[in-house]
Amino acid sequence: MDLALLRTFVTVHRAGSFTRAAALLGLSQPAVTSQIRTLERQLGRPLFLRQARGVTPTTIGDELAHKAAPHLDALVEITETGPDDGFSLRTLHLAGPPEFTAERALPALAELTGDDGHGYALRASFGNAEETLEGLAAGHHDLAIGTARPRGALLTATPLCDEEHVLVTSQHWAERIDAGALRHDAAFALKHVPVVEVHESLPLVSRYWASVFDSCPAAPGTVVVPDLRAVLACVVTGAGLAVLPRYLCAVALERGEVVALHEPAVPPLRTYFLVVRTGTLAMPHIARAHESLLRAAADWN
């Protein structure tokens with residue numbers, strides 16, 4: 001069986017689209033279609049079901065991808081580094097949410113970029129869970145960090161750490177909130193306090209309200225900025241309340257720049273997952289980064 005056909009097949013399987021696979025391979029879409037049809041004729045079985053938006057692998061297609069992909073990745077590893085290079089300099093492509101990636105993941109991986117003969121180049125990109133998983137499946141990233149566990153066997157997820165969420169505001173707003181009302185009916189006591197969030201849908205605040213207060217937030221988003229670090233900065237200056245990861249606001253809490261408004265017995269948690277394409281942990285540079293992040297996460301928890 002032609003390895004070039006298998007490479008094209010695995011790329012289509014990961015990308016979920018002939019068009020995206022063609023872009024990744026530097027081929028025309030007709031060339032990719034022709035190669036897949038040739039492989040299907042050789043096997044005597046259809047490998048993909050054509051749909052309006054992309055393709056879906058058949059059972060045979062899934063089985064072939066899961067058998068072939070790790071070996072093709074290993075061959076790529078050998079051809080790019082050479083058989084005797086060991087941990088020679090390569091590029092690791094990491095994707096994840098901007099705040100968590102910047103504050104936790106990148107510092108944990110920084111030591112692996114050293115000049116000790118075992119380092120590698122590091123490239124990071126930011127995005128939401130859906131974007132990062134799509135990019136990983138398409139081969140744009142080597143590792144993805146997200147809050148959604150992927151379905152299917154194409155991607156393999158490992159729990160990385162739990163993130164505790166804290167309801168915070170400035171001292172200015174804390175002094176204006178009735179402490180008694182806060183203890184008895186926190187949702188009502190906070191309904192007039194402006195909300196600072198990352199999106200108009202108030203994803204973090206709504207989740208906190210549902211989990212802790214069994215209600216929905218009454219106040220709309222007054223300040224909406226797509227980065228939790230900017231949310232924290234706005235809260236410090238008195239813009240309102242927000243729900244933030246504890247690791248992100250821990251220093252501000254210690255300094256008194258923000259105040260925790262509520263300390264539930266069971267705080268809301270969000271789990272982060274470290275995700276790779278199935279079989280790619282056989283590649284040394286990915287395995288080394290994967291191990292480093294899991295080791296660092298033991299301290300984060």
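This is a predicted model, so every value here is computed, not measured.
In this structure, the ring of W300 has its center no less than 6.0 angstrom from the ring center of Y272.
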Start with the C-alpha gap between L49 and T58, add the side-chain angles, then the distance that decides, and say whether side chain to side chain contact (heavy atoms under 4.5 Å, CB included) holds. CA-CA 6 Å; L49 300 176; T58 63; 3.9 Å; yes

Run the side chain to side chain contact (heavy atoms under 4.5 Å, CB included) test on R207 and V243 for me, step by step, so that the C-alpha distance in whole Å, both residues' side-chain angles and the decisive distance to 0.1 Å come before the verdict. CA-CA 9 Å; R207 186 171 180 271; V243 173; over 6 Å; no

Stepwise side chain to side chain contact (heavy atoms under 4.5 Å, CB included) test for L5 and Q42: CA-CA 11 Å; L5 296 182; Q42 291 179 2; 3.8 Å; yes

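Between F100 and Y247, the ring planes lie perpendicular to each other; the angle is over 60°, past the 30° to 60° tilted range.
Contact check for P159 versus R149: side-chain heavy atoms found under the 4.5 Å cut-off. Within the 4.5 Å cutoff, side-chain heavy atoms of W209 are placed close to those of S215. Between H13 and V55 the shortest side-chain heavy-atom distance does not fall below 4.5 Å. Within the 4.5 Å cutoff, the side chain of F213 has heavy atoms near those of the L167 side chain. Put simply, the side chain of I60 reaches to within 4.5 Å of the side chain of L47, judged on heavy atoms. Residues L106 and L122 have side chains in contact (heavy-atom distance under 4.5 Å, counting atoms from C-beta outward). Put simply, the side chain of V195 reaches to within 4.5 Å of the side chain of L241, judged on heavy atoms. Between I286 and L92 the shortest side-chain heavy-atom distance falls below 4.5 Å.
More than 12 heavy atoms of other shown residues, nucleotides or ligands fall within 6.0 angstrom of atom CD in Q51. Counted within 6.0 Å of CZ on R295, heavy atoms from surrounding residues, nucleotides or ligands total more than 12; the atom is thus considered enclosed.
At a threshold of 4.5 Å between side-chain heavy atoms, the hydrophobic network of Ile, Leu, Val, Met, Phe, Trp and Tyr places L202 and V198 in one connected group. A single hydrophobic cluster is seen to contain both L64 and L3, as judged by linkage of ILVMFWY side chains at heavy-atom distances under 4.5 Å, directly or through other members. In the hydrophobic clustering of ILVMFWY residues, with side-chain heavy atoms under 4.5 Å counting as a link, L228 and V224 come out apart. No path of Ile, Leu, Val, Met, Phe, Trp and Tyr side chains, each step under 4.5 Å between heavy atoms, connects L136 with F126, placing them in separate hydrophobic clusters.
Side chains of R37 and S34: a donor-acceptor N/O pair is absent below 3.5 angstrom, by distance only. Looking at H172 and S170, their side chains never bring a donor and an acceptor atom within 3.5 Å of each other.
Closest approach of Q171 and V259 over heavy atoms only: OE1-CG2, 3.1 Å. Residue C161 comes nearest to A297 through the heavy atom pair CB-CB, 4.3 Å, listed as atom of the first residue, atom of the second, then distance. Closest non-hydrogen pair, R277 versus H141, comes out as NH1-O, 2.6 Å. Here the closest heavy-atom approach between residue P217 and residue V205 is recorded as CB-CG1, 3.8 Å. The two residues H285 and Y120 have their closest heavy-atom pair at O-CE2, 4.0 Å. Shortest non-hydrogen contact noted between L109 and S292 is CD2-CB, 4.2 Å.
Here CZ of R229 is found 7.5 Å from CG of L248. Values are rounded to the nearest 0.5 Å. With values rounded to the nearest 0.5 angstrom, R14 atom CZ is found 7.0 Å from T280 atom OG1. Put simply, OG1 on T158 and CG on L281 are 7.0 Å apart, with the number rounded to the nearest 0.5 Å. Note that CG of L39 and CZ of R45 are 13.0 Å apart. Values are rounded to the nearest 0.5 Å. The CD1 atom of I145 sits 11.5 Å away from the CG atom of L133 when rounded to the nearest 0.5 Å. From L94, atom CG reaches atom CG of L293 across 7.0 Å, with rounding to the nearest 0.5 Å.
With sequence neighbours excluded, no residue forms a ring pair (Phe, Tyr, Trp, His ring centres under 6.0 Å) with F18.
Remark: side-chain polar atoms of E131 are paired, donor with acceptor, to backbone N or O of N128 under 3.5 angstrom. At least one donor-acceptor pair closer than 3.5 Å links the side chain of E197 to the backbone N or O of L204. Proximity of a side-chain donor or acceptor of T237 to a complementary backbone N or O of C234 within less than 3.5 Å is detected. The closest donor-acceptor contact from the side chain of T132 to the backbone of A129 lies under 3.5 Å.
With respect to R270 and E163, a salt bridge is recorded, a charged nitrogen being found less than 4.0 Å from a carboxylate O. One finds a salt bridge joining R246 and E263 here, because a Lys/Arg side-chain nitrogen approaches an Asp/Glu carboxylate oxygen to under 4.0 Å.
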